[in-house]
Amino acid sequence: MRILALETSCDETSVAILETDGRFFTLHANLTASQIKDHAPYGGVVPEVAARRHVDVVYPLLEAAGVPHDGEGIDAVAVTAGPGLVPALRIGVEVAKILAHVWRKPLIPVNHVEGHLYSVCLPDPKDPEAVRQPTGDRLLFPALCLPVSGKHTELILMRGHGDYELIGMTRDDAAGEAFDKVAHLVGLPYPGGPAISAEAKKGNGAAILFPRPMLDSKDFDFSFSGLKTAVAVHLKSHPIRNASDLADVCASFQEAVVDVLATKTLRAVEALRPRTVLLTGGVSANARLREEFASRLRERHPDVPFLCPALAFTGDNAAMIAAAGFFRAQRQEFVDPLTLEADPNMRLA
Ligand code: KG4
Ligand code: ZN
């Protein structure tokens, strides 16, 4: 089965063609155009600007991906239907509706967060051996999933394909949002995650003891806005005077985020006994976070495999939407192209 997928939920326009026999995934194209530069002057993503940029690049991306004009060889069209920014989501949704309608192919609406979870099934383009591994088999259920991005920080128990239970979520900022806001406070560029983690490598993570919000709460929820405030308060009394101060603030902030995410996830592993743990989304590109998850799991639950997407699939991309779309297609979860609407608050569970 060959799936064409589109992703336009925020500030990345992405088009992918994924082929699968159910066990092996072959990615024929995965092209992503980022709009980071367009939104930088506004200090955040402007929905109308995002929508206009999606319109500008989606057709050139379809051409560059080699999507045949008559849909020949494409078996289904998958698209991110939500959650996300309505004006942005609508571009991908409308293009997918038109293609599915004209080609008379099934249309599969995919939840963006679900796409992040299935990103672990995609073969690493940097690993020539990966295409020979049945990546779809790596998910062992129940799977405990932590999608962490600029908009999401959730703990989800995945009992099977399409069977999700929300275990915990952030009560305010997402972890990636905290990285972006702290980067702004210390004068680093957007997106903050890569910039902070690069600075953190040069610093001492134990230099400043920032709070670990909700670490001791009985639930599996998170909160990151207080941590951002703690960094702001610290900077008032200890302004950054040199490169070493900057590196120490970044490393100490990153350590607090990593500690909270790892501690809560490990507690959920103990309570729920999953057969595998997934760390996905933009923040899962963070090397320190991956290392801490891997070492704590190895030490306390060596029998529970820990899965992360290849770095190419941590941020928003259409390949992950195609992978999630395939499992929905197996369950015949198609919709009439004339009725699909973007859903900014689409829920997984
Ligand atoms: O998944 P994603 O591309 O888009 C959303 O769905 O939000 O995630 C983007 C987020 C941004 O907040 C960015 O700062 C963060 O992921 N991020 C990182 C790293 N790379 C990206 N956060 C921490 N460390 C990184 N290396
Ligand atoms: Zn995302």
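In each ligand, atom 1 is the first atom listed, and ligand 1 is the first ligand listed.
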Exercise. Show which atoms of ligand 1 fall inside a sub-4.0 Å distance from at least one heavy-atom site of Ser197.
Key: 26 (N)
Self-check item: Pro191 neighbourhood, listing ligand 1 atoms whose heavy-atom distance to it stays under 4.0 Å
Solution: 13 (C), 14 (O)
Quiz prompt | Reported CD-to-CD distance for the pair Glu12 and Gln35, which is rounded to 0.5 angstrom | solution = 7.5 Å
Practice problem: Before accepting this row, confirm whether a basic side-chain N of the pair Glu291/Arg288 lies closer than 4.0 Å to the acidic partner's carboxylate O. | Solution: yes
Quiz item: His112 near ligand 1, heavy-atom distance under 4.0 Å?
Solution: yes
Self-check item: Test side chain to side chain contact (heavy atoms under 4.5 Å, CB included) applied to Glu333 and Phe327, step by step
Solution: CA-CA 9 Å; Glu333 289 179 8; Phe327 290 97; over 6 Å; no
Practice problem: Looking only at distances, please establish whether an N/O atom of ligand 1 is found under 3.5 Å from an N/O atom of Phe179. | Solution: no
Quiz prompt | Element-labelled atoms of ligand 1 that are located less than 4.0 Å from some non-hydrogen atom of His116 | solution = 1 (O), 6 (O)
Practice problem: Look at the rings of Phe326 and Phe25 and say which category their plane angle falls in: under 30° parallel, 30 to 60° tilted, over 60° perpendicular. | Solution: perpendicular
Quiz item: After noting the C-alpha distance and the side-chain angles of Glu19 and Thr26, does the key distance pass the side chain to side chain donor-acceptor pair (under 3.5 Å) rule?
Solution: CA-CA 5 Å; Glu19 185 166 356; Thr26 307; 5.9 Å; no
Quiz prompt | Region of His152 engaging ligand 1 - heavy atom pairs below 4.0 Å | solution = neither
Quiz prompt | Worked verdict on Val186 versus Phe253 for side chain to side chain contact (heavy atoms under 4.5 Å, CB included) | solution = CA-CA 11 Å; Val186 298; Phe253 159 75; over 6 Å; no
Quiz item: Side chain, backbone, both or neither: which part of Pro194 has a heavy atom under 4.0 Å from ligand 1?
Solution: both
Quiz item: Please state which protein non-hydrogen atom is closest to atom 24 (N) of ligand 1 and give its distance, to 0.1 Å?
Solution: Asn286 ND2, 3.0 Å
Quiz prompt | Element-labelled atoms of ligand 1 that are located less than 4.0 Å from some non-hydrogen atom of Gly192 | solution = 14 (O)
Exercise. Return the residue, atom name and 0.1 Å-rounded distance of the protein heavy atom closest to atom 18 (C) of ligand 1.
Key: Gly193 CA, 3.4 Å
Practice problem: For atom 5 (C) of ligand 1, grab the closest protein heavy atom and report residue, atom and distance to one decimal in Å. | Solution: Lys151 NZ, 2.9 Å
Practice problem: Run the numbers on Thr13 and Asp56 for side chain to side chain contact (heavy atoms under 4.5 Å, CB included), then give the verdict. | Solution: CA-CA 10 Å; Thr13 322; Asp56 291 343; over 6 Å; no
Self-check item: Numbered atoms and elements of ligand 1 in range of Gly282, under 4.0 angstrom, heavy atoms
Solution: 1 (O), 2 (P), 8 (O), 16 (O), 17 (N), 18 (C), 19 (C), 20 (N), 21 (C)
Quiz item: Using the ring of each side chain (for Trp, its six-membered ring), is His234 parallel, tilted or perpendicular to Phe210, with breaks at 30° and 60°?
Solution: perpendicular
Practice problem: Decide salt bridge (charged side-chain N to carboxylate O under 4.0 Å, His left out) for Asp303 and Arg273; before the verdict, give the C-alpha distance in whole Å, the side-chain angles of both, and the deciding distance to 0.1 Å. | Solution: CA-CA 11 Å; Asp303 50 327; Arg273 297 279 161 198; over 6 Å; no
Exercise. May I ask you to decide if the ring planes of His116 and His112 are parallel, tilted or perpendicular, using 30° and 60° as cut-offs?
Key: perpendicular
Quiz item: Can you tell me how far CG of Asn317 sits from CG of Leu122, rounded to the nearest 0.5 angstrom?
Solution: 7.0 Å
Exercise. Could you check whether the rings of Phe141 and His161 sit parallel, tilted or perpendicular, using 30° and 60° as the cut-offs?
Key: perpendicular
Quiz item: atom 12 (O) of ligand 1: which protein heavy atom is closest, and how many Å away?
Solution: Asp180 OD2, 2.8 Å
Self-check item: Lys/Arg N to Asp/Glu carboxylate O, Glu270 vs Arg300, below 4.0 Å
Solution: yes
Quiz item: Which protein heavy atom lies closest to atom 15 (C) of ligand 1, and at what distance to 0.1 Å?
Solution: Val283 CG2, 3.9 Å
Exercise. Would you please test Leu99 and Lys105 for side chain to side chain contact (heavy atoms under 4.5 Å, CB included) and show each step?
Key: CA-CA 8 Å; Leu99 294 177; Lys105 303 285 162 132; over 6 Å; no
Quiz prompt | Heteroatoms of the protein, restricted to N/O/S, which lie under 2.8 Å from the Zn ion (ligand 2) | solution = His112 NE2, His116 NE2, Asp316 OD1
Quiz item: Purely on distance, is any nitrogen or oxygen of Asp316 under 3.5 Å from one on ligand 1?
Solution: yes
Quiz item: What is the closest protein heavy atom to atom 10 (C) of ligand 1, and at what distance does it sit?
Solution: Gly150 N, 3.4 Å
